[in-house]
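Reading through the structure tokens given below for one structure.
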Amino acid sequence: MDNNQEKSNHISDLEQSSSGLYAQPAPPEEGVPSLEELQGALAAKTEEAGQMREKYLRLAAEFENYKKLAIRDQREHVRFANEQLVKELLPVIDNLERAIQSSKDKAGGDALTAGVELTLKQALEAFEKFDVRPIKSVGEPFNPVCHQAVVRVESHRLPENSVVEEFQRGYYLHDRVLRAAMVSVATSPAVQSEDDAVAGEPATE
């Protein structure tokens with residue numbers, strides 16, 4: 001083989017190699033997703049993941065709220081677990097107070113009165129340990145939340161709508177009304193008769 005023929009063979013090989021470098025990429029095989037399809041699938045999965053994250057955050061917030069409510073309900077149950085027992089004991093306190101008042105109205109009951117008063121004091125001290133407190137009534141403004149009006153009376157001494165007398169003491173258990181106080185409520189005095197009103201006016205010139 002002469003030199004010219006050998007050179008022509010090398011040039012032919014180089015042309016074939018260079019033509020292979022600039023050849024168009026082969027088309028995707030059938031069944032293999034394209035780049036656009038892969039990008040679309042990635043975007044869909046990203047959106048789905050975002051929705052799942054939002055759902056998780058909502059569920060987590062709802063669970064946290066539920067846990068707080070459950071803890072609060074449990075605390076309330078513990079605080080007021082003695083409510084029914086205290087209600088059952090209130091009539092005993094009422095009877096002790098009536099016994100004291102009755103003995104004061106009679107002569108010769110000093111010893112008995114002292115004994116009942118001591119019993120009542122001990123009972124009220126036991127109530128205080130469980131945050132059972134009497135409701136203030138006489139002289140206080142009437143409050144329908146903690147006062148039960150059984151009668152209205154005229155009063156020159158107290159402002160209108162004030163509690164005049166307490167017939168049965170009311171009690172709180174913590175911040176809840178355990179039993180409303182039975183009271184009488186003041187109303188404005190009746191209008192004086194015309195003669196009394198005139199008699200009471202200063203003389204005019």
Side-chain angles (χ1 to χ4, degrees), residues 65-204:
N65 291 335
Y66 167 78
K67 186 168 67 172
K68 290 179 180 178
L69 289 174
I71 293 173
R72 187 186 66 182
D73 291 343
Q74 184 179 13
R75 288 176 178 172
E76 289 292 300
H77 176 73
V78 172
R79 289 184 71 201
F80 297 100
N82 300 320
E83 181 174 2
Q84 190 58 40
L85 173 62
V86 174
K87 283 184 177 180
E88 294 294 330
L89 291 175
L90 288 182
V92 178
I93 301 297
D94 297 337
N95 289 333
L96 289 173
E97 291 176 341
R98 293 189 186 102
I100 293 171
Q101 186 61 43
S102 177
S103 63
K104 287 181 178 179
D105 296 337
K106 297 178 181 179
D110 293 342
L112 176 62
T113 301
V116 176
E117 286 179 341
L118 179 60
T119 303
L120 176 61
K121 180 182 177 183
Q122 291 174 337
L124 293 177
E125 287 175 351
F127 274 11
E128 287 179 2
K129 293 179 180 179
F130 296 96
D131 203 16
V132 178
R133 298 169 289 109
I135 295 173
K136 294 181 180 180
S137 295
V138 177
E140 299 290 325
F142 174 76
N143 184 352
V145 174
C146 56
H147 297 141
Q148 179 183 353
V150 295
V151 65
R152 290 186 173 272
V153 296
E154 296 180 4
S155 176
H156 297 271
R157 180 174 55 88
L158 295 172
E160 185 178 8
N161 216 36
S162 297
V163 175
V164 178
E165 186 179 359
E166 182 182 70
F167 301 112
Q168 186 180 68
R169 186 175 298 179
Y171 291 89
Y172 290 111
L173 175 57
H174 301 296
D175 54 353
R176 180 185 297 178
V177 175
L178 185 64
R179 184 181 71 181
M182 297 176 61
V183 299
S184 62
V185 182
T187 60
S188 298
V191 179
Q192 292 177 314
S193 65
E194 184 177 350
D195 292 342
D196 292 340
V198 172
E201 292 178 356
T204 57

- [ ] Considering non-hydrogen atoms only, spot the tightest contact between L124 and Y171 and give its length.
- [x] CD2-OH, 4.0 Å

Hey, can you pull the donor-acceptor pairs under 3.5 Å for the side chains in residues 159-168, sequence neighbours left out?
from: E160; atom 1: OE1; to: S188; atom 2: OG; distance (Å): 2.9
from: S162; atom 1: OG; to: P159; atom 2: O; distance (Å): 3.0
from: E166; atom 1: OE2; to: S137; atom 2: OG; distance (Å): 3.0
from: Q168; atom 1: NE2; to: D94; atom 2: OD2; distance (Å): 3.4

Open item on the list: Using the rule given for side-chain contact (heavy atoms from CB on, under 4.5 Å), can you reason through L120 versus E117, listing the C-alpha separation, both sets of side-chain angles and the distance that settles it, and then say yes or no?
Closed with: CA-CA 5 Å; L120 176 61; E117 286 179 341; 5.6 Å; no

TODO: Taking side chain to side chain donor-acceptor pair (under 3.5 Å) as the test, write out the residues that go with E125, two or more places apart.
DONE: none

- [ ] Name all residues meeting the side chain to side chain contact (heavy atoms under 4.5 Å, CB included) criterion together with I71; count only those two or more places apart in sequence or in a different chain, and write none if there are none.
- [x] K67, R75

Task: side chain to side chain contact (heavy atoms under 4.5 Å, CB included) partners of N65, counting only residues at least two apart - done: none

- [ ] Please identify each residue that fulfils side chain to side chain donor-acceptor pair (under 3.5 Å) with R152, with sequence neighbours left out.
- [x] none

Task: Set of residues satisfying side chain to side chain donor-acceptor pair (under 3.5 Å) with respect to E97, sequence neighbours excluded - done: R169

TODO: Heavy atoms only: give me the nearest F130-L173 pair and the separation to one decimal.
DONE: O-CD1, 3.6 Å

- [ ] Not counting sequence neighbours, which residues clear salt bridge (charged side-chain N to carboxylate O under 4.0 Å, His left out) with K68? List them please.
- [x] none

Open item on the list: I'd like to check Y172 versus V132 (side-chain heavy atoms, cut-off strictly below 4.5 Å). Are they in contact?
Closed with: no

- [ ] List for me each residue that meets side chain to side chain donor-acceptor pair (under 3.5 Å) alongside Q122, sequence neighbours excluded, and say none if there are none.
- [x] none

Please output the side-chain donor-acceptor pairs of residues 140-151 that fall under 3.5 Å, not counting sequence neighbours, one pair per line with the distance.
from: N143; atom 1: OD1; to: V145; atom 2: N; distance (Å): 3.0
from: H147; atom 1: ND1; to: N143; atom 2: N; distance (Å): 3.0
from: H147; atom 1: NE2; to: K136; atom 2: O; distance (Å): 3.1

TODO: With sequence neighbours excluded, tell me which residues meet salt bridge (charged side-chain N to carboxylate O under 4.0 Å, His left out) with R133.
DONE: D131

